[in-house]
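Keep in mind that the numbers below use all heavy atoms, side chains included, and drop hydrogens, waters and symmetry copies. Because the structure is predicted, anything quoted here is derived from the model rather than measured.
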Protein chains: 2
Amino acid sequence: MTTAPGGREPASDVSKADLVHRRLKEEIELGELAPGTPLSELALVDRMGASRTPVREALRRLAGEGLVELAPRQGARVSRVSLQSVRDLFDFRALLEPAAIRQATEAAAGAPELRRAFAAMRTGFARLQRRAPSPARSRAFYELADRFDWAVIGATRNEHLRRTIAELRPHTARLRNLSHIDPQRVEVSVVEHLRMCDGLLAGDGDEAAAAVTEHLAQSLRTIFGNLARAPGAALDLLG
Amino acid sequence: MTTAPGGREPASDVSKADLVHRRLKEEIELGELAPGTPLSELALVDRMGASRTPVREALRRLAGEGLVELAPRQGARVSRVSLQSVRDLFDFRALLEPAAIRQATEAAAGAPELRRAFAAMRTGFARLQRRAPSPARSRAFYELADRFDWAVIGATRNEHLRRTIAELRPHTARLRNLSHIDPQRVEVSVVEHLRMCDGLLAGDGDEAAAAVTEHLAQSLRTIFGNLARAPGAALDLLG
DNA sequence: GTACTACATGATGTATACAGCAGGTATGCA
DNA sequence: TGCATACCTGCTGTATACATCATGTAGTAC
């Protein structure tokens, strides 16, 4: 946090509650705060450099997003993850995201600029497909996939749908970061994303939606497979 | 709010924030607080008999549910309603609720007690169908329909789906209360609910889902029809 | 008469003080 | 030695004080 040259804090545009919220959300997403970790307000006051009021507000907001569990008179904990919750998450996404990409497909059909953006991402995926496997490629892929997902979310007309999907993203990201990513998975995932892009760019909503469904099913299968092969990871998830 | 006989408040089980939240939600649902109404924290402090802290928490929670709009440094207003928002709401419900009733159908198939509850509601709808139109019948219908909806929500296994649908209910209820109900609508709606019950009780998820879809489409058409015929109502909604 | 500026008012964002409850710990007793 | 109870610490829920900012108004210059 920088101080204005003049000397006084310039009454920052974003509230401290926003800052605390963002930082906590990020730490939960990254897995730095493991599921189940108790979140004492006073401890956060020290760590975040804000008073209890914005800290409390951030915790309440996170609880509303399902990232934190609040027990009355007992405080907050980072929300736990169970196998059932993973299944629920992906089932729900499988319900929402095909509808979202259909709307994005329609939107792109009428907005050349949007079409260009998606076309550029398609090129990016194609390039990634030709690169040799490496941690750097994996990182690049997840970055691009993230941009793609946000583009779809942004092109979703229905506000409820858009907000709900956006709210699910941190949960998915957290799962990715908690269960160590299978490098093998990138290979398949690139193909799936290419199929999504192709359907979307062709104006074929059904095809794009089918690609999303397939992608989600594969993702879930991979995660569950990882858990089955590595019971330790399951402990990570369930702890 | 009652005081304990001994003299002191027994540290009520529910927090004041909960109470304020519930009261405000109800007033918004009932239309007592019209869309766009400014909600000053201090005014609410007086009216609700709580201090700013729980009032603020209630407002933030309502904002998370989309019932209140927060403008930084400018305060809260009851969220506005536009034609687009109505369409978005019903489109979204049309995406979620068929899936929910499919899960409820499966749940009922394996839970005799649940089946009995739904069967009882079916009987209630059938009885309503034979009654002569009257305000009392309309009230009874909406009460029963509400119980039915909550039963479906309760029987929805997927937690995300369940929470999301539950969060949409106040929005729908508000629309009903803002746009004066068409008594004619009850006639058709009873039939639609009977079809939902039949599908659900027969274990036919597809049929139940189709009935929900039909019901939502009809509801939306009715609301829009009302708005078209009575521009004054539109002003109510848009104001 | 109109537009712009300075100010006064009231609100929100934040910090902090106080009250009551939950959980752990130590002590007493069997 | 094991268990039950009482205490004690720390936390959450609430109330309130203070700082900063947005809005409306009065006044003035053109």
Side-chain angles (χ1 to χ4, degrees), chain A residues 1-25 28 33 36-65 67-80, chain B residues 1-25 33 36-64 67-80:
Chain A
M1 249 185 276
T2 59
T3 305
R8 195 186 220 84
E9 194 85 18
S12 138
D13 192 17
V14 294
S15 69
K16 293 205 176 186
D18 284 336
L19 290 176
V20 175
H21 171 76
R22 202 181 310 172
R23 276 188 58 184
L24 278 177
K25 185 154 101 174
I28 294 175
L33 287 172
T37 307
L39 296 173
S40 153
E41 292 178 2
L42 290 182
L44 289 174
V45 162
D46 289 341
R47 201 153 71 81
M48 296 287 168
S51 79
R52 276 188 66 206
T53 307
V55 165
R56 270 180 78 83
E57 184 180 325
L59 286 177
R60 296 304 157 76
R61 217 185 300 176
L62 290 168
E65 298 165 5
L67 291 172
V68 154
E69 296 167 6
L70 285 177
R73 285 271 172 206
Q74 292 189 44
R77 314 173 76 84
V78 177
S79 72
R80 294 166 173 278
Chain B
M1 246 181 279
T2 59
T3 305
R8 195 185 220 83
E9 194 84 20
S12 142
D13 193 16
V14 294
S15 69
K16 292 204 175 183
D18 285 336
L19 289 176
V20 175
H21 170 75
R22 204 182 309 173
R23 277 188 59 183
L24 278 177
K25 186 154 102 174
L33 288 172
T37 306
L39 296 173
S40 153
E41 292 178 2
L42 290 183
L44 289 175
V45 163
D46 289 341
R47 202 155 70 80
M48 297 287 168
S51 78
R52 276 188 66 206
T53 307
V55 164
R56 271 180 78 83
E57 184 179 325
L59 286 177
R60 299 305 158 109
R61 218 186 299 177
L62 289 168
L67 291 172
V68 153
E69 296 166 6
L70 285 177
R73 282 277 173 203
Q74 292 189 48
R77 314 173 77 83
V78 178
S79 71
R80 292 166 171 280

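By the salt bridge (charged side-chain N to carboxylate O under 4.0 Å, His left out) test, B/Arg47 is found to be paired with B/Glu27, residues two or more places apart in sequence or in another chain being considered. Shown here are the side chain to side chain donor-acceptor pair (under 3.5 Å) partners of A/Thr53, two or more places apart in sequence or in another chain: there are none. Listed by chain and number, the residues in a side chain to side chain donor-acceptor pair (under 3.5 Å) with B/Arg52 are B/Glu41 (sequence neighbours excluded). A search for side chain to side chain contact (heavy atoms under 4.5 Å, CB included) contacts involving A/Ala43 returns A/Ser40, not counting sequence neighbours. Take A/Glu65 and apply the side chain to side chain contact (heavy atoms under 4.5 Å, CB included) test, not counting sequence neighbours, and it matches A/His21, A/Lys25, A/Arg61, A/Leu62, A/Leu67, A/Glu167. Partners of B/Arg73 according to the side chain to side chain donor-acceptor pair (under 3.5 Å) rule, which considers only residues two or more places apart in sequence or in another chain, do not exist here.
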Taking only nitrogen or oxygen atoms into account, show me every contact under 3.5 Å that the protein makes with nucleotides 12-16 of chain C, one pair per line with its distance.
residue	atom	partner	partner atom	Å
C/dT12	OP1	B/Glu41	N	3.3
C/dT12	OP2	B/Glu41	N	3.4
C/dT12	O2	B/Arg73	NH1	3.0
C/dG13	OP1	B/Arg73	N	3.4
C/dG13	OP2	B/Arg56	NH1	2.8
C/dG13	OP2	B/Arg56	NH2	3.1
C/dG13	OP2	B/Arg60	NH2	2.6
C/dG13	N7	B/Arg52	NH2	3.0
C/dG13	O6	B/Arg52	NH1	2.9
C/dT14	OP1	A/Lys16	N	2.4
C/dA15	OP1	A/Lys16	NZ	3.0
C/dA15	OP2	A/Ser51	N	2.7
C/dA15	OP2	A/Ser51	OG	2.7
C/dA15	O5'	A/Ser51	OG	3.4
C/dA15	N7	A/Thr53	OG1	2.8

What pairs of nitrogen or oxygen atoms, one from the protein and one from nucleotides 7-9 of chain C, lie under 3.5 Å apart?
none

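Residues B/Glu57 and B/Lys16 are not paired through a salt bridge, judged by the lack of any N-O separation under 4.0 Å between the basic side chain and the carboxylate.
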